[in-house]
Amino acid sequence: MSLGSNAEKNLMINADRLWASLMELAKIGPGVAGGNNRQTLTDEDGEARDLLKNWCDQAGLTTTVDAMGSMFAERAGEDPDALPVLIGSHLDTQPTGGKYDGTLGVLAGLEVIRTLNDLNIKTKHPIQLVNWTNEEGCRFSPSMLASGVFAGVYEQSWAYDRTDDKGLKFGDELQRIGWLGDRPVGHVKPHAYFELHIEQGPILEQNQMLIGVVKGGQGVAWTRIKLTGKESHTGSTPMEMRRDAGLGAAKIAILVNEIACKYSPHAVGTVGHFDIQPNSINIIPGTATVTVDLRSADDTILNAMKEQLDVGVRRIAQDLGLAVSFEKLSDSSPVTFDEECVATLRRAANGLNYPHMDIISGAGHDAFWINKVAPSAMIMCPCEGGLSHNEAEHITHEWAEAGTNVLCRAAIDIAEIVN
Ligand code: HGY
Ligand code: MN
Ligand code: MN
């Protein structure tokens, strides 16, 4: 059912209320430079969940929580047998994250529901607001963990055993913050899923677009590589006798950059984490652990990069006399979103006369996994300078408002207004 009546055509969200909620939530887990450090399953994540739950209660929603801690707050539909339309994203942040990555998608979903309540708009399908646990994957890898369990990509027991760099387990931390839900993962069967997210790249702003209609996303391959050499004295060990794991890590960073640049702009590659031990100025590093993040929207390129990484790292290890081990942290193919959902979002942007363009998401999102179990699609708003995963991440009121208006139109289009 598309947007017919004038009421629907004039339906706009309350942008000031949305912005006030964004700023209120941004107070929880403040960073050191104006952004946020609200990592998954920390006390700060628990505080943000409590605030969201209060807001959902005030909006008259019924909140359920599943065994991965994902929150589902339902606005009832008129047809009790109709499956819910899910809208949402994530509240967890990077250690030096911004105020809007994930948070905009959750609070935009809340604003859609608040607006429908204000106007007493009734829909056939229920609408559920979702906060997915551990989208970022920086504390407990891989990213999009809870949505991955929801989509059957990961076993819940495997997810529970994921550990952070202090050896704390995901399952134990979920219990500790009091958000181990009583519903089985998958207790909700979505009719469709829509996610609003900041672009986290420069394309929309450079093209003066308000909306990105996301047709799909890059495939992602995360690997943790451990090199083992031999600690020895930096002063008295001749160069030809060394087994320098730190040197190996540095060469891997150069290798990853060379591989990705070979396929640029259709690929990216990063070594984001280095751990060199014993990290002493006058000891040759005996062990080094690095993480490698390879991405491409082209599966052939992604597979070629993975192969070249494997061959190149083994050669580096052999040349330097190092032992090497690989741990695959995540491995997902490029994503293509549901055509009907994408068309619904494009129709909503058109109806609002917002300048928009099709885009492929560079970053990973929960919608990538939910797309496996329900028709899903995303919209994006620009972010200043394309900057994200940086405390200086910023968006304008206008961008937040436009994205939320499109989310609202699309959600009620699929949820079907009945009054
Ligand atoms: O890694 C990603 O793309 C997302 O930010 N978790
Ligand atoms: Mn995100
Ligand atoms: Mn992120």
Side-chain angles (χ1 to χ4, degrees), residues 22 25-26 29 31 35-41 45 48 70 87-109 130-149 151 153-154 159 162 193-201 203 212 214 216-224 260 267-273 291-297 302 329-335 359-371 376 378-383 386-395 400 403 407:
L22 280 165
L25 199 127
N36 277 109
N37 179 5
R38 193 174 54 239
Q39 297 182 60
T40 198
L41 306 188
D45 183 17
S70 295
I87 54 179
S89 191
H90 64 93
L91 292 183
D92 64 308
T93 75
Q94 289 283 331
T96 53
K99 298 191 191 76
Y100 309 100
D101 172 0
T103 316
L104 174 65
V106 175
L107 298 187
V130 189
N131 168 33
W132 298 107
T133 303
N134 191 30
E135 188 280 338
E136 291 296 352
C138 45
R139 182 183 178 199
F140 299 101
S141 68
S143 57
M144 294 95 84
L145 186 58
S147 52
V149 174
V153 175
Y154 305 117
R162 304 304 290 160
Y193 175 69
F194 289 115
E195 182 168 353
L196 164 63
H197 205 287
I198 62 172
E199 179 199 338
Q200 299 183 290
I203 299 168
V214 188
Q218 292 194 112
V220 184
W222 279 8
T223 311
R224 183 181 285 131
V268 287
T270 317
V271 171
H273 172 88
T291 59
V292 179
D293 176 330
L294 297 174
R295 307 197 191 200
S296 175
L302 187 57
L329 297 176
S330 77
D331 195 2
S332 57
S333 298
V335 167
I359 192 168
I360 294 292
S361 176
H365 301 287
D366 293 307
F368 285 27
W369 289 139
I370 307 309
N371 191 50
S376 304
M378 293 182 71
I379 30 164
M380 288 184 167
C381 74
C383 52
L387 190 64
S388 183
H389 284 195
N390 182 308
E391 291 205 46
E393 174 187 282
H394 191 67
I395 63 172
L407 180 70

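The chain is numbered in sequence order, starting from 1. Read the numbers this way: they start at 1 and go in the same order the structure lists the ligands and their atoms. Both backbone and side-chain heavy atoms feed into the values below; hydrogens, waters and symmetry mates do not.
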Query raised in the report: Between the Mn ion (ligand 3) and D101, is there an N, O or S atom separated by less than 2.8 Å?
Result: yes
Query raised in the report: Quick one: do the Q39 and N37 side chains pair a donor with an acceptor below 3.5 Å?
Result: yes
Query raised in the report: Does the side chain of N131 pick up a donor-acceptor pair with the side chain of H90 at under 3.5 Å?
Result: no
Query raised in the report: Do any heavy atoms of H365 fall under 4.0 Å from ligand 1?
Result: no
Query raised in the report: Does any N or O atom in E135 lie less than 3.5 angstrom from one in ligand 1, N or O only?
Result: yes
**Report entry** Between S89 and E195, a side-chain donor and acceptor under 3.5 Å
**Finding:** yes
Query raised in the report: Under 3.5 Å, is there a donor-acceptor pair linking the side chains of R295 and T270?
Result: no
Query raised in the report: Do the side-chain N and O atoms of D101 and Q94 include a donor-acceptor pair separated by under 3.5 angstrom?
Result: no
Requested in this report: Give a yes or no on whether H389 keeps an N, O or S atom under 2.8 Å from the Mn ion (ligand 3).
Outcome: yes
Query raised in the report: Are Q218 and S296 close enough that a side-chain donor and a side-chain acceptor fall under 3.5 Å?
Result: no
Report task. Would you please determine whether F368 falls within less than 4.0 Å of ligand 1 on a heavy-atom basis? Result -> no
**Report entry** Under-4.0 Å heavy-atom contact with ligand 1, by part of A363 that carries it
**Finding:** both
Query raised in the report: Which protein non-hydrogen atom lies closest to atom 1 (O) of ligand 1, naming both residue and atom, and how far is it?
Result: R295 NH2, 2.8 Å
Query raised in the report: What angle, to the nearest 10°, do the atoms NE2 (H197) and NE2 (H90) form about the Mn ion (ligand 2)?
Result: 110°
